[in-house]
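Below: the structure, in structure tokens.
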Amino acid sequence: MPSLAAPGFDLDLTLRSGQFFRFRPDGDGFLLVDSGRVLRLRPQGDRIEYRGGTAAHVRRLLGLDADHGAALAALRRDPLLAAVLPRYAGMRIMTQDPWVCLVSFVCSSMSNMKRIQGNVEGIARAFGPALEDGIHDFPGPAALPAGALAPIRLGWRERFVAGLFARVDPARLHALAARPFEEARAALMELPGVGPKVAECVMAFSLGFGEACPVDVWIRRVGRRLWFRNRRVPDRRIADRFRATFGRHAALAQQIWFQAVRDGVPVGQAPR
DNA sequence: CGTAGACCTGAGGT
DNA sequence: TACCTCAGGTCTA
């Protein structure tokens, strides 16, 4: 089985951090689906063994191309993040297919990981081409027959997802990666069901915008406590503060805090 | 411009 | 069992 170098990378942590939903445990590793490939990954010391795709694909998907040393150095400049960093230094920002990412996070509003994962898998199973037995690729956008999404049980997100399937041009979506931050963000927010939070998720987790910072309820809490004396402030100010502090590593900082607070790690306690 | 409600559904707790 | 609450927001008034 081929393998690639991944020093200090925590596959389990990264996959379970809610950036990407098309994975499941598989033996002592994981099975992932991305961009028409079924990838089987297994951590093996400081390497990742892989099957089903190219090293370049795996490295890109898992975020292993980034200069992680530089990122960690940037994160350590903030003492509060530095305090929790030892536990989360193995986190990476993934770069998945933008179209799948977009649909996934539109499905994510007021939902939970388990249900989001079920919704995404359901769409793939119902409409995507089979890759292997029982494993389907995610379908590309195409107008779906009215009511086709009903069995997926998306609730009130259904009309948004239907709108995406009818309207999105994947090539144009992909091309946003080369546009300036504000332009890409504004373009995404014109899509149905896409507000600031989802837009920055797509930018961070699929378009390579390291300065993106999705502000959800958890990050809102963290941000207020860390920098605004627990006062109510607009989400935009929180995201801007992440960017001012961590620059192009804001997305990684955000993802680490997100995981940390969900793990119950106390926030804002300076290291003693 | 900032602020309430509404919006489907299913999992988890009592 | 039959409720009750809540979950990675967005849209509209």
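Both backbone and side-chain heavy atoms feed into the values below; hydrogens, waters and symmetry mates do not. Here the structure is a predicted model, which means the values were calculated and not measured. Lettering of chains follows the sequences in order, A, B, ..., and the numbering in each one begins at 1.
A 6.0 Å sphere centred on CZ of A:R37 holds no more than 12 heavy atoms belonging to other residues, nucleotides or ligands. Shown here is A:R51, whose CZ atom has no more than 12 heavy atoms of other residues, nucleotides or ligands within 6.0 Å.
None of A:V202, A:N119, A:L164 except one satisfies the side-chain contact (heavy atoms from CB on, under 4.5 Å) rule with A:V103; the exception is A:L164. Across A:F205, A:F138, A:F105, a single residue satisfies ring-ring contact (aromatic ring centres under 6.0 Å, His included) together with A:F21, and that is A:F105.
For the P atoms, the distance from B:dA6 to C:dT5 is 15 Å, rounded to whole Å. Across C:dC3 and B:dC8, the matching P atoms stand 22 Å from one another, rounded to whole Å. One C1' atom belongs to B:dA11, the other to C:dT10, and the distance between them is 23 Å to the nearest Å.
Side chain to side chain, A:S17 and A:Q255 meet the donor-acceptor criterion of an N or O pair below 3.5 Å. If you check the side chains of A:Y88 and A:D10, you find no donor sitting under 3.5 Å from an acceptor. A:H57 and A:D34 are linked by a side-chain donor-acceptor pair at a separation below 3.5 angstrom, with hydrogens and angles left out of the test.
Across all strands shown, A:E200 has no heavy atoms under 4.0 Å from either base or sugar-phosphate atoms. At the heavy-atom level, A:Q259 lies nowhere under 4.0 Å from the strands shown. Residue A:R232 is in sugar-phosphate contact alone, with no base atom involved, counting any heavy-atom pair closer than 4.0 Å across all strands shown. Looking at heavy-atom distances under 4.0 Å, A:S17 makes contact with a base. Residue contacts shown for A:R157 include a base, since a base heavy atom lies under 4.0 Å away.
Nucleotide C:dG9 holds its C1' atom 10 Å from the CG atom of A:D235, rounded to whole Å. Remark: C1' of C:dG9 and NZ of A:K197 are 8 Å apart, rounded to the nearest angstrom. The interatomic distance linking A:D216 (CG) with C:dC6 (P) rounds to 17 Å, in whole Å. Atom P of nucleotide C:dG9 and atom CG of A:N119 are separated by 15 Å, given to the nearest angstrom. Rounded to whole Å, the distance from CG on A:L188 to C1' on C:dT10 is 15 Å. Distance, A:L164 CG to C:dT10 C1': 12 Å, rounded to whole Å. Per the geometry, CD belonging to A:E158 stands 16 Å off C1' belonging to B:dG10, to the nearest Å.
Taking the six-membered ring where the residue is Trp, A:W227 and A:F242 present perpendicular rings, their angle passing 60° and hence far from 30°.
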### Base-pair map of DNA chain C as dot-bracket, where | denotes pairing with a different strand and pairs are Watson-Crick or G-U under 3.5 Å
.||||||.|||||
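DNA chain C is contacted by A:S108, A:S109, A:M110, A:S111, A:N112, A:M113 of residues 105-117 of chain A, taking any non-hydrogen atom closer than 4.0 Å.
Nearest nucleotide to the A:W156 side chain, out of B:dC7, B:dT3, C:dT10: B:dC7.
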Table of protein N/O atoms under 3.5 Å from nucleotides 11-13 of chain C N/O atoms:
{"residue": "C:dC11", "atom": "OP1", "partner": "A:G193", "partner atom": "N", "Å": "3.1"}

### Task
Apply the test ring-ring contact (aromatic ring centres under 6.0 Å, His included) to residues A:W99 and A:F165: give CA-CA distance (whole Å), side-chain angles for both, the deciding distance (0.1 Å), then the verdict.
CA-CA 10 Å; A:W99 161 245; A:F165 268 84; 4.9 Å; yes
### Message
Checking A:E211 against A:F181 for the side-chain contact (heavy atoms from CB on, under 4.5 Å) test, could you report, in this order, the C-alpha distance in whole Å, the side-chain angles of both residues, the deciding distance, and whether it holds?
### Response
CA-CA 8 Å; A:E211 69 271 47; A:F181 182 91; 3.4 Å; yes
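The side chain of A:R153 places an N or O atom within less than 4.0 Å of a non-bridging phosphate oxygen (OP1 or OP2) of B:dG10.
Interatomic distance, CG of A:D235 versus NZ of A:K197, reported as 11.0 Å (0.5 Å rounding). Here CZ of A:R24 is found 7.5 Å from CD of A:E121. Values are rounded to the nearest 0.5 Å.
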